[in-house]
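Written below as structure tokens is the structure these notes are about.
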Amino acid sequence: MAVDPKEFELEYFKKNGFIRQKCKVCGTHFWSQRISDVCGESPCVENTFIENTPTTLHLDLNGVRETFLNFFNKNGHTIIEPYPVVCRWRDDLLVTIASIVDFQPYVTNGELPPPANPLVVSQPCLRFEDIDNVGVTSGRHLTIFEMGGAHAFNYPEKEVYWKDKTVEYHHELITKVFGVKSEKISYKEHLWSGGGNAGPAVEAIVDGLEISTLVFMCYKMENGHWVPTIVRTVDTGYGLERWAWLSLGTPTAFHAIFGPLLPKFMEIMGVECENRVLIETGKLSGALNVENPNLSNQTREKVAKRLGFSVEEYMRRIEPFEKVCTVLDHTKALAFLLAEGVVPSNVKTGYLARMLLRRIYRILYEFKCENQLLELLGYQIDYWGKFFRNIEISRNEILKLAQIEVEKYKRTLEREMEILIKKLNNLRKEGKREVPREVIVEAYESHGIHPMQLKEQAMKLGLITNIPQDFFSSIIKMHTRKTAEIEEKDELETILLEKKIPSTEKLFYEDPKLLQFKAKVIHVHNNYIVLDRTAFYAESGGQLSDIGKITWKDREGVVKYVKKIGGIIVHEVEGATPPLNTEIIGYVDKERREQLSIHHTATHIINGAARKVLGEHVWQAGAQKDVKEARLDITHYTNITEEEIKRIEEIANEIVRKNIQVEIYTLPRLEAEKRYGYRLYQGGVVPGREIRVIKIGDHDVEACGGTHVLNTGEIGFIKVVKVEHIQDGVERIVFVAGKAALEKVQEAFGILKDVSRKMQIPPEKIVESVEKIIKENEEIRRKIKKYSKRLSEYALPYIKEKAEILSGIRLYYVVNNDLDESTHIEIGSTAIEEIQNLLYCALIPLNNVVQVVVFSGKQAQEKGISAKDVANFVAKILDGAAGGDKRFGRGGGKNIDKLNIIKDKLIEYLKDKRCE
RNA sequence: GGGCCGGUAGUUCAGCGGUAGAAUACCCGACUUGCACUCGGGAGGUCGCGGGUUCAAAUCCCGCCCGGUCCA
């Protein structure tokens, strides 16, 4: 989609003398009051604000945040609290990457009203796609940053403000509040798109630095075309870190963001760097980008020249500093992630936390201070905890999760390093001098050993390692395979949408005990029917669907499955299907519903209990409630112990015995979030503007659409059946409740009784007895093995006697299955040692096949008799095949009918052989 | 969620269609004898689980489980 230039012809620009111009370097159009042939953004120009701030107000990040919020507040925007950095309210994103994410999709698509309109928020955001640039670009790239979002949501019936006012606010803040001269600012034309939305945008540039992006979201993608949206959203992103950097004019943004933490981290890591090196780097840092190595290298040369250094000398000075910055950024991001209960693991946000921690650890290791990782994390908590209360509150949780993860990483490194050393030693033995690329890739991908760590080890062993410049990007390319995701819409879904069938009235919410109801059929499609109202619960939230029957007149249909399509509930009916507009009576299977409800409420109770026993990092990672049993997956960093399970069981059953009322009520989404926090979203995303809250005393509160019991006492009893380790960071608790629990216990006792009766041993002696049996079994197995060996010795005289003498060789030929193949091998191999002119030939008929074992003694071999050939000869008669060598051959075939002619043919064959 | 690597003796691994191996630790013996070393012998395995192909599977194919790791 190309943007119509008209989109940018703002009244505000015209009235204030902004002129549209084109940058001769990058070709972008921009608006500025000053005539210039360049757009003003680095790398088209240098960063001129360094050591030469254009502002009259000088603030660090915390100051900028306050000023920004107050400015918009004074201009009619309501300040709202930032959302979490882990965006659990959406299933299409792992982390909050922009302030607008807080309001997508329900606010931006008009389904929900915003918490205020207009509003302003300073939203901590995480972004990982530029992680390799963090530290090397003087702070232009960060994994964690605050996006100042001033948002206005414009509805057809209610216009708040649009482009002109947005630019005006921005311009006023930067000029009147921060005191930048108006002509210093240029606004670059840009098209923004993301998350299925798009719109024109302007990027605000001051003295080389892009400080804000003002987006006017007004299109959405529909059937491959951009169409206007109903709600037009002002989506501004003020880069607060950059505003702070600009206003202080410090050599890097890290100075402005981290203040006293920067010198502290430098001291701990033992890093020093002259200011002039940082200043000269900062001026040109707009051209530094690891994804563009050519430009970066040129820029490095340029900076080195200005400083009067060789490139090597310059890099030696700047690189350690850059690593300090990376650590500063990463430890902050890690603290924010862990504060929200993210358990480091190998999936999703857990992986992001792990990656950050490992990067930090590796850098600190380089500076020999890896043991101070937790200390550094502590400083971040001290510093940011003052402004973000949850960081301070979660201090212990953050440090504990980090500590456990460090220990895990150390263990992994130790183990994997040993494997690597072995491999490197092998390379050396093979006479190689350089580590091949495959080995570097394998070490990194399969064993988590960073190329730098590999290089260090290889050097010790005298091997050269050349890490390709594009190593990481090539790995990423290997992984990214674009798969066109085409969501196939159900045929039924399409029809329901087209016919505009209304949402079904959900009787199971109004009265969870209602199991019999009257309703009218409003749509029929094959054996699927839609009613105007229903008490049948449709499968969702891990709770299985209800079943039952419907009757009308004198007819009856069985409801075997119920599903939800949007707000419409569809019943799959077997047997007779009622015609349209029939009045029916529905009967919900009572036992199943009760059991599912019991399991569902029990799941919430177990979840709360697990959180109490294991810690605040416990989140539901998945759940399924079946009739027979239920399971709950939770995030946790280590295997749950027997003791912990016992405590969870105890707490859960205590809640049951207290017979607490299960409160169910709906709240406006924002109200619910405000009252109970994002912990509500245990079961994942809950769409819609109203949230159904399930509250069990002060034990647990969750947003949930399932059916529940009225009082916890109805559950009767909860028993954990087993605990499984699903994946790193996720544990599964399988449990039973209510009647299913009774059945499970009865079943367990039944098994015990059966075993006891069969073994004729009292239950309490079973374990002891089984141990004995296992031991005896092992002994027997050993004996058989020993005996078959002995058998080969004892068999010798027998074989000598039975073997037929055929001019010079002796043939021992046997057809039966008294002995198995391995025994024949044992006997045969011993026999030919003793009787060197022996040809040992055993045919073992088994079910439908015959196995052939042939041994040929030394003398027999000399006479040209090869065991392999004999085996092959025999096997061919049996329509099979054989292999081996001249001493030992084995094979077989399927044609059992030929079994009786083999001996004659074999003797003939041997005669022929000796004629040769 | 996807990709890759791995699962064989107590341990570390080799074997990669045709009798399951090495090293190390273990047990016994010899030489020594303070220990170590050396030598000889022994014991130790449902080759992760389940299917399939084959006369024959640790080995090839498919599915699953477990461990590790990278990416989203």
Side-chain angles (χ1 to χ4, degrees), chain A residues 91-95 128-129 131 345-352 354-355 358 408-409 411-423 425-426 438-451 471-483 485 621-622 639 724-728 730 774 777-779 781-782 785-786 788-789 792 820-830 832 840 842-855 867-868 871-872 874-896 898-899:
Chain A
D91 54 8
D92 56 339
L93 279 176
L94 294 176
V95 290
F128 290 89
E129 58 265 28
I131 192 163
S345 74
N346 55 4
V347 290
K348 301 191 175 173
T349 44
Y351 178 68
L352 299 177
R354 170 166 290 174
M355 177 174 67
R358 290 186 172 188
K408 273 191 185 171
Y409 188 41
R411 271 204 304 278
T412 302
L413 274 184
E414 250 171 61
R415 197 175 43 228
E416 306 295 349
M417 212 36 124
E418 266 178 54
I419 296 172
L420 177 73
I421 290 170
K422 242 175 243 167
K423 191 157 255 167
N425 271 325
N426 283 341
E438 310 91 73
V439 175
I440 308 175
V441 172
E442 194 201 325
Y444 179 64
E445 286 227 287
S446 301
H447 304 293
I449 295 171
H450 197 270
F471 183 78
F472 288 101
S473 48
S474 72
I475 293 242
I476 289 164
K477 267 178 211 143
M478 267 163 59
H479 284 290
T480 31
R481 186 183 302 158
K482 281 189 183 156
T483 42
E485 256 182 62
N639 289 6
E724 291 172 290
H725 179 73
I726 293 300
Q727 56 177 214
D728 210 1
V730 180
I774 291 172
N777 235 328
E778 272 173 16
E779 229 162 89
R781 233 182 36 228
R782 237 174 281 145
K785 211 171 161 184
K786 208 157 70 188
S788 78
K789 251 187 193 166
S792 56
D820 64 5
E821 193 185 23
S822 60
T823 313
H824 274 298
I825 289 169
E826 196 69 56
I827 296 171
S829 61
T830 317
I832 57 160
Y840 184 99
L843 278 72
I844 313 151
L846 288 168
N847 301 330
N848 310 317
V849 299
V850 182
Q851 290 177 332
V852 181
V853 175
V854 181
F855 278 96
K868 180 187 171 184
N872 226 330
V874 174
K876 277 213 175 108
I877 300 171
L878 295 163
D879 292 342
D885 54 30
K886 57 185 179 178
R887 189 187 78 92
F888 172 52
R890 65 197 302 201
K894 280 180 170 169
N895 200 341
I896 302 177
K898 298 271 171 69
L899 210 49

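Per chain, numbering begins at 1; letters A, B, ... match sequence-line order.
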Using whole Å, report how far [atom1] of [X] lies from [atom2] of [N].
{"X": "A:Leu843", "N": "B:rA56", "atom1": "CG", "atom2": "P", "result": "15 Å"}
{"X": "A:Arg890", "N": "B:rG17", "atom1": "CZ", "atom2": "C1'", "result": "10 Å"}
{"X": "A:Arg354", "N": "B:rC70", "atom1": "CZ", "atom2": "P", "result": "7 Å"}
{"X": "A:Glu821", "N": "B:rG18", "atom1": "CD", "atom2": "P", "result": "13 Å"}
{"X": "A:Leu94", "N": "B:rA72", "atom1": "CG", "atom2": "C1'", "result": "8 Å"}
{"X": "A:Leu878", "N": "B:rA56", "atom1": "CG", "atom2": "P", "result": "12 Å"}
{"X": "A:Lys408", "N": "B:rG68", "atom1": "NZ", "atom2": "C1'", "result": "12 Å"}
{"X": "A:Asp820", "N": "B:rU46", "atom1": "CG", "atom2": "C1'", "result": "15 Å"}

Using every non-hydrogen atom in the two residues, find where [X] and [Y] come nearest and quote the distance to one decimal.
{"X": "A:Ala871", "Y": "A:Arg890", "answer": "CB-N, 4.0 Å"}
{"X": "A:Val853", "Y": "A:Phe888", "answer": "CG1-CE1, 4.0 Å"}
{"X": "A:His824", "Y": "A:Ile844", "answer": "CD2-CD1, 3.6 Å"}
{"X": "A:Val849", "Y": "A:Lys894", "answer": "CG1-CG, 3.8 Å"}
{"X": "A:Ala875", "Y": "A:Gly892", "answer": "CB-O, 3.6 Å"}

Pairwise [atom1] distance, [M] and [N] [rounded to whole Å]:
{"N": "B:rG41", "M": "B:rA22", "atom1": "P", "result": "12 Å"}
{"N": "B:rU11", "M": "B:rC26", "atom1": "P", "result": "15 Å"}
{"N": "B:rC47", "M": "B:rU8", "atom1": "P", "result": "11 Å"}
{"N": "B:rA36", "M": "B:rG68", "atom1": "P", "result": "38 Å"}
{"N": "B:rG6", "M": "B:rA14", "atom1": "C1'", "result": "15 Å"}
{"N": "B:rU53", "M": "B:rC62", "atom1": "P", "result": "15 Å"}
{"N": "B:rC13", "M": "B:rG48", "atom1": "P", "result": "15 Å"}
{"N": "B:rU24", "M": "B:rG18", "atom1": "C1'", "result": "30 Å"}

Scan [X] against the nucleic acid and name what it touches under 4.0 Å (heavy atoms): base, sugar-phosphate only, or nothing.
{"X": "A:Gly892", "value": "base"}
{"X": "A:Ala875", "value": "nothing"}
{"X": "A:Gly893", "value": "sugar-phosphate"}

5'-most contact on RNA chain B (nearest-nucleotide basis), A:Phe855 vs A:Tyr409, goes to A:Phe855

Starting at the 5' end of RNA chain B, which residue's closest nucleotide do you reach first, A:Ala881 or A:Ile825? A:Ile825

Sub-4.5 Å side-chain heavy-atom contact between A:Val854 and A:Val874: no

Interatomic spacing from CG in A:Asn872 to CD1 in A:Ile877 - rounded to 0.5 Å: 10.5 Å

Quick check for you: to the nearest 0.5 Å, what is the distance between A:Phe855 atom CZ and A:Lys886 atom NZ? 15.5 Å

Watson-Crick and G-U pairing of RNA chain B, under 3.5 Å, as dot-bracket with | and [ ]: ((((((((.[[[[.)..(..]]]].(((((.......))))).....[[[[[..)....]]]]]))))))).

Counting just side-chain N and O atoms, does A:Arg358 come under 4.0 Å of either OP1 or OP2 of B:rC70?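 For A:Arg358, the contact criterion (side-chain N or O under 4.0 Å from OP1 or OP2 of B:rC70) is met.
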
